[in-house]
Amino acid sequence: MEIQQRHPWPVNSEEAKAIQQQLQPEVISEDQLGEVQYVAGVDVGFEEDGAISQAAVAVLSFPDLQLRENAIARRPTTFPYVPGFLSFREVPVVLDALEKISIIPDLILCDGQGIAHPRRFGLACHLGVLTDIPTIGVAKSRFIGDHEQLPENKGNWQPLRDDGEIIGAVVRTRTGVKPVYVSIGHRISLPTAIDYVLRCTSRYRLPETTRWADQLASK
DNA sequence: GCGACAG
DNA sequence: ATCTTGTCGC
């Protein structure tokens, strides 16, 4: 697929922050997705002490979750890991990988937060706005926000709040296992996002999409 | 000032 | 993120 260059990639956090504030208003938190036939997972791995970034995109059919297409992209890493600015480190190489895909996914599950971010513009939002594809943030750990204790059973969830505002949900994808942090990225509502995350998860804690991308990006 | 801090 | 195999337990 082809992706338009919306902005240059900044070299420091100040410029990055300005871009986040400029693009944040474009985030759509309502359902704007049609029938989901293909769901993609994206992830980034690093080599050479972080000097090289490698992204993987795995496109699976939905709801049967079978791998249909995948692509890998590599490039020198240009931005350090700075909490709050993860997208500027990972999105560039993810876009390279997406450009190699011929099946345009109807939904993308990202490894990281969406709107559960200090400026409500995490990795999933950034990727969603740049591609105009519905995205969901599925993080393995908490970044910001608080929540009540979560029942141990799979399928349960609790809202994730920041100053009273609901910014996502803590979701139990597997009984007795550490939950995942779900937040909307773009063109989807939180209830729908939670539903898709659970429907993309079969036997493990993480969705099959991210598991495939994970494996592909680190080998 | 101190602690927290996606990947 | 990354360095890294087997092992304990449900």
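Only this structure's heavy atoms are used, side chains among them; waters, hydrogens and symmetry mates stay out. Below, chain A is the first sequence line, B the second, and so on; all start at residue 1.
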Given A/R89 and A/V44, is the side-chain contact (heavy atoms from CB on, under 4.5 Å) satisfied, shown in steps?
CA-CA 9 Å; A/R89 176 179 174 79; A/V44 178; over 6 Å; no
[X] has an atom [atom1]; how far is it from atom [atom2] of [N], in whole Å?
| X | N | atom1 | atom2 | answer |
| --- | --- | --- | --- | --- |
| A/R174 | C/dC10 | CZ | P | 14 Å |
| A/Y204 | C/dC10 | OH | P | 19 Å |
| A/E152 | C/dC10 | CD | P | 14 Å |

Report yes or no: is the cationic atom of A/R68 (NZ for Lys, CZ for Arg) under 6.0 Å from the centre of the six-membered ring of A/F62, at an angle within 45° of the ring normal?
no
Candidate list A/R120, A/R119, A/R142, test salt bridge (charged side-chain N to carboxylate O under 4.0 Å, His left out), partner A/D162, passing option
A/R120
Can you find a heavy atom in the side chain of A/S202 that is under 4.5 Å from one in the side chain of A/E208?
yes
For A/L109, which of A/T201, A/V182, A/T209 qualifies under side-chain contact (heavy atoms from CB on, under 4.5 Å)?
A/T209
Which nucleotide of DNA chain B is the first, and which the last, in the 5' to 3' direction, to come under 4.0 Å of a heavy atom belonging to chain A?
B/dA4 to B/dG7
Heavy atoms under 4.0 Å, any strand shown: does [X] hit a base, just sugar-phosphate, or nothing?
| X | answer |
| --- | --- |
| A/Q113 | base |
| A/G45 | sugar-phosphate |
| A/F79 | nothing |
| A/F46 | sugar-phosphate |
| A/G122 | base |

More than 12 heavy atoms of other residues, nucleotides or ligands under 6.0 Å from NZ of A/K17: yes or no?
no
Dump the intermediate steps for side-chain contact (heavy atoms from CB on, under 4.5 Å) on A/Q54 and A/R75, then the final yes or no.
CA-CA 7 Å; A/Q54 173 157 299; A/R75 64 150 64 182; over 6 Å; no
Given the rule that I, L, V, M, F, W and Y join up when any side-chain heavy atoms are under 4.5 Å apart, are A/L127 and A/V82 in one cluster?
yes
Dot-bracket line, read 5' to 3' along DNA chain B, where crossing pairs take [ ] and | marks a partner on another strand, Watson-Crick or G-U under 3.5 Å
.......
Verify whether the ring centers belonging to A/H117 and A/H126 lie closer than 6.0 Å.
no
